[in-house]
Amino acid sequence: MSKIIDGKALAKSLRQDIKSAVNEIKSEYNYTPALAVVLVGENPASKVYVNSKAKQTVECGMESFEFKLPADTSEQDVLAKVEELNNDPKVHGILVQLPLPKHINEEKIINAIAVEKDVDGFQIINSGQLATGTGSPLIACTPYGCLMMLQDKYGKDLSGLNAVVIGRSNIVGKPMAQLLLDANATITIVHSRTKNIEEITKQADIVVAAVGRPEMVKASWIKQGATIIDVGINRIEVDGKGKLVGDVDFADVEPVAGAITPVPGGVGPMTIAVLLHNSIVASCRQNNKPVPKILDRYNRF
Ligand code: GUN
């Protein structure tokens, strides 16, 4: 059996199920789930993500609203746009693409998004509910996609497995650890101030790398047969040509790994598919309707 965890294929089947769910919602509930994306400025990577999100939203039968604002837009004007979308009943999910230009306080913008429309799961109530295991939060897309890949392999219950998360960001590291903990794995988070990272990762059955440092994780860090989830998307130059690599040195690690996600084609495609999934869930809650059953298999419990 291949060692490669095919995120692209899993994302495709999730998108197909989302498409069926959207059809059901349109015919039975009489509304069209809609996602609004706000991009401020000209960050090239952000532009690529936003275009890709819009394309996939439409391909799944959902409505996509895009707002591209100039880099010098004031914080007040971004807040006003968020407020307008919060109050628009046709909009079910709101995503403000990060990073924002330096003069805008990201925390302020994120927390201005209505909790029920925060399909990124970054807002304080959603992230707090995930941390405390209360309520039914919307969950950050990248870590949720990683969990789906792990649960696809192991089943829902990760009891008895040691998982090491490399990185402690609010976007990936922290919610990833919380999701793994809720799935009963035993968790360690390592980061830039950790001593002897390699000794710790070498104990892990599951390693999730989310640090943004190209090819940092080497074979010597990994226990034979471990599952490796590589969240990194780093652009490097090889022989004068641009190339995308992960936080894991794939060529070095693949021979010792039991299973591994490639870059590209691993975590990346899952993130957008989960964003669409979250938008469907958000839309059903806002319309007091049950989430179509076809999406039940992606529940984390
Ligand atoms: N920038 C990079 N990843 C993300 C993400 O998942 N959501 C948002 N809003 N911005 C990002």
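Start at 1 and go down the list; that is how both ligands and their atoms are numbered. Since this is a predicted model, take the numbers as computed values, not measurements. Note that the numbering runs from 1 along the sequence shown for the chain.
- Annotation: side chain of N162 is not in contact with side chain of T188 (no heavy-atom distance under 4.5 Å).
- Ion pairing between K90 and E63 fails under the 4.0 Å rule for side-chain N and carboxylate O.
- The parts of L98 lying near ligand 1 are both backbone and side chain, judged by heavy-atom distances below 4.0 Å.
- Only the backbone of V96 comes within 4.0 Å of ligand 1, judged by heavy-atom distances.
- In this structure, atom 9 (N) of ligand 1 lies nearest to the protein heavy atom D120 OD2, 2.6 Å.
- Atoms of ligand 1 lying under 4.0 Å from any heavy atom of L95, numbered from 1 in the order shown and given with element: 9 (N).
- With respect to the salt-bridge test (charged N to carboxylate O, under 4.0 angstrom), the residues K81 and E84 qualify.
- Around atom CD1 of I236, more than 12 heavy atoms belonging to other residues, nucleotides or ligands sit under 6.0 Å away.
- Nearest protein heavy-atom contact of atom 3 (N) of ligand 1 is Q97 NE2, 4.5 Å.
- The aromatic rings of Y31 and H92 sit tilted relative to each other, their planes meeting at an angle between 30° and 60°.
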